[in-house]
Engineer: 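If you scroll down you'll find the structure; I have some questions about it.
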Amino acid sequence: MSSGKVFFVMKNLPKISVVLFLLLNYSCATQSPVSAQRGYVSTQIFYDQLSPYGEWVDYPNYGYVWIPDVDQDFSPYSTSGYWVMTDYGWTWVSDYSWGWAPFHYGRWDYDNYYGWFWVPDNEWGPSWVTWRSGNGYYGWTPMRPGISISLSFGYEYRDLDHWNFVRDRDFGRSDIYRYYADRSEYNTIIVNSTVINNTYIDRSRNTTYIAGPSRDDVQQVTGRRISNFSVRDNDRPGQVLKNNQLQIYRPQIQQTSDQYQKPAPSRITNLKDVKPTRERNAPDQQRRVSPMENSRREQQQSQPQRQVERQRQSQPQQQIERQNQEQQQPMRQRQQTERQNQKQQQQIERQNQEQQQQQQQIEKRNQEQQQQQQQIERRNQEQQKQQQQIERRNQNQQQQQKQQEAQPVQQQQQEQQKVTEPSGDKKRERQQKAVEERENKKNEQSKARRR
């Protein structure tokens, strides 16, 4: 290199450094959203983003779970949302601003006191539900924690309160909540339906999803063309549906194992301080819809629907409220029916528990009585043994007494015999005396005859 070129480079080195520094900052600034979306984030993002919309609690067997601040009639994949077809299958689009997380990550579970709560997980999906079809209906229910996809296909779901069924001809509507079947028919529907086991494998995330009903089947039963929305990654929490695209925030969640940086909610509510579902009075579900979502709905509405909407806007406020109340009456009746069913179910469970407790108490009493009877029998046996021992002792004593009484009599008899029986010499003397006496008598008699 010539000295002139070297001098030129050295002279302009500060300017070159400034240009390189600006280019580097610009490239980092333009690529930061993409890297944030494609990179890994921790579960801390759930704790931070969902805290304004609910309460984090430490729930037994699950750890940190999220209880949303919603009305008591809230149900996941049912309230304030609808289904759209994407490359991954039927995807739930929520009207809640926080819907990008709980309806696409983790699972939902239900508590009779606290209502629905969400358990975080790191796998993204179009939805985490189980599908059924049959007898002219489509139905779905949330997959609870611990239930895998393969297990859900063979799992007998009998919790009718957590199912949603619509006529197959009404499936795919944006106002799907208006077409839910009457819950009194759910038992018949679910008995005459079968599981839909269509799946989609996401090789980029190495995950399998339940896709739900096939697009061709839905088009055939509804007679409508079902649009297919492409899913695009959003660079910030949220979701937007526009231009046949679902832009949604779906980062890859990394569960860190560092004990010093373990994710956790900044504020944890004690379970005792959480209000039961019957005492919650959250704002109207539809008021949470963003203006962008309202514009999307208006674009999707048909011309007659827009005319009806304009007429409603031109009517007095009281008439609008009256119409809203009339429209909400079927839903209120359904909600009342659901509450009554829940109360009846709870009463049945309480009665079953009471019967079980009574049965257990009866069994305990029977066991105690059996034990007491066994103890009484053992005591009787012991008393019988003792009585037999006493009798044997008495018999032995009687025998000994008889023997003792018999010994003195024998001794006396022997002594008497000894006394009565004379010795040999005395006998001979007596015999001689007797002989002499007889001879003397004979002599005297003979003398007397001579005289």
Side-chain angles (χ1 to χ4, degrees), residues 30-54 56 64-66 68 76-108 118-131 140 142-143 145 147-149 152 174 198-212 215 227-256 263 265 288-290 292-293 296:
T30 55
Q31 294 179 1
S32 60
V34 177
S35 62
Q37 174 65 33
R38 293 181 180 177
Y40 287 88
V41 298
S42 70
T43 53
Q44 187 66 43
I45 193 168
F46 295 145
Y47 301 139
D48 296 341
Q49 292 293 325
L50 298 181
S51 291
Y53 306 102
W56 287 98
Y64 297 136
V65 302
W66 181 66
Y77 304 104
S78 173
T79 307
S80 297
Y82 54 97
W83 296 101
V84 297
M85 173 59 73
T86 67
D87 296 335
Y88 304 103
W90 288 98
T91 304
W92 182 256
V93 178
S94 174
D95 292 332
Y96 295 108
S97 59
W98 43 263
W100 62 272
F103 300 115
H104 301 282
Y105 294 91
R107 305 290 180 84
W108 288 88
W118 179 66
V119 183
D121 200 356
N122 62 337
E123 288 185 346
W124 184 91
S127 66
W128 296 104
V129 300
T130 299
W131 296 87
W140 62 93
M143 293 174 59
I147 302 297
S148 63
I149 291 177
S152 68
S174 59
N198 297 333
T199 58
Y200 175 83
I201 300 176
D202 186 359
R203 302 190 182 280
S204 63
R205 294 175 179 259
N206 194 24
T207 307
T208 301
Y209 310 131
I210 298 180
R215 181 183 178 188
S227 301
N228 189 76
F229 292 83
S230 60
V231 178
R232 295 290 180 267
D233 292 338
N234 200 0
D235 59 354
R236 61 179 58 88
Q239 57 185 358
V240 178
L241 188 69
K242 65 179 181 179
N243 299 329
N244 291 332
Q245 288 185 355
L246 174 60
Q247 299 179 6
I248 188 170
Y249 185 61
R250 52 171 193 160
Q252 295 188 12
I253 306 299
Q254 183 180 17
Q255 294 181 345
T256 178
R288 294 178 180 267
V289 182
S290 63
M292 188 174 295
E293 294 296 326
R296 174 192 55 72

Engineer: Quick one: closest heavy-atom pair of Pro102 and Leu50, and the distance?
Structural biologist: CG-CD1, 4.2 Å

Engineer: How many angstroms lie between atom NE2 of His104 and atom CD1 of Ile248, to the nearest 0.5 angstrom?
Structural biologist: 3.5 Å

Engineer: In terms of the angle between their ring planes, are Tyr209 and Tyr200 parallel, tilted or perpendicular, with boundaries placed at 30° and 60°?
Structural biologist: parallel

Engineer: Output, in order, the C-alpha distance, side-chain angles, deciding distance and verdict of side-chain contact (heavy atoms from CB on, under 4.5 Å) for Trp131 and Asn198.
Structural biologist: CA-CA 9 Å; Trp131 296 87; Asn198 297 333; over 6 Å; no

Engineer: Evaluate the criterion side-chain contact (heavy atoms from CB on, under 4.5 Å) for residue pair Thr86 and Phe229; output intermediate values, then yes/no.
Structural biologist: CA-CA 5 Å; Thr86 67; Phe229 292 83; 4.2 Å; yes

Engineer: Any side-chain heavy-atom pair from Leu246 and Tyr88 closer than 4.5 angstrom?
Structural biologist: no

Engineer: Taking the inter-plane angle between the rings of Tyr77 and Trp83 on a 0 to 90° scale, is it parallel (under 30°), tilted (30 to 60°) or perpendicular (over 60°)?
Structural biologist: parallel

Engineer: Roughly how far apart are Ile210 CD1 and Thr130 OG1, rounded to 0.5 Å?
Structural biologist: 4.5 Å

Engineer: If only atom types and distance count, is the side chain of Thr91 paired as donor or acceptor with the main-chain N or O of Gly89 below 3.5 Å?
Structural biologist: yes

Engineer: Given side-chain contact (heavy atoms from CB on, under 4.5 Å), test Ile45 with Tyr249 step by step and report yes or no.
Structural biologist: CA-CA 12 Å; Ile45 193 168; Tyr249 185 61; 3.3 Å; yes

Engineer: Provide the closest heavy-atom pair for Trp92 versus Ser80 in the form atom of the first, atom of the second, distance.
Structural biologist: CZ2-C, 4.4 Å

Engineer: Identify the heavy atoms of Asp48 and Pro52 that sit nearest to each other, and give their distance.
Structural biologist: O-CD, 3.7 Å

Engineer: So how far is it from Trp124 CH2 to Gln252 CD, rounded to the nearest 0.5 Å?
Structural biologist: 12.0 Å

Engineer: Can you name the closest pair of heavy atoms from Pro120 and Tyr64 and give their distance?
Structural biologist: CD-O, 3.4 Å

Engineer: Quick one: pull up CZ in Arg203 and OG1 in Thr208 and give me the separation to the nearest 0.5 Å.
Structural biologist: 8.5 Å

Engineer: Evaluate the side-chain proximity of Arg250 to Asp233: yes if any heavy-atom separation is below 4.5 Å, no if none is.
Structural biologist: yes

Engineer: Check Gln247 against Asn234 and note the closest heavy-atom contact, atom names and distance.
Structural biologist: C-CB, 4.1 Å

Engineer: Mark yes or no for whether Gln239, through its side chain, and Val93, through its backbone, hold a donor-acceptor pair below 3.5 Å.
Structural biologist: no

Engineer: Measuring from Arg107:CZ to Glu123:CD, what's the distance to the nearest 0.5 Å?
Structural biologist: 8.0 Å

Engineer: Which heavy atom of Ile253 sits nearest to which heavy atom of Ser42, and what is that distance?
Structural biologist: CG2-C, 4.0 Å

Engineer: Distance from Ile147 atom CD1 to Trp128 atom CH2, nearest 0.5 Å?
Structural biologist: 13.5 Å

Engineer: Students often mix this up, so state it plainly: with edges at 30° and 60°, are the rings of Phe103 and Tyr96 parallel, tilted or perpendicular?
Structural biologist: parallel

Engineer: Check step by step if side-chain contact (heavy atoms from CB on, under 4.5 Å) holds for Trp118 and Trp98.
Structural biologist: CA-CA 12 Å; Trp118 179 66; Trp98 43 263; over 6 Å; no

Engineer: Decide yes or no for Trp56 and Ser51: does some side-chain heavy atom of the first lie under 4.5 Å from some side-chain heavy atom of the second?
Structural biologist: yes

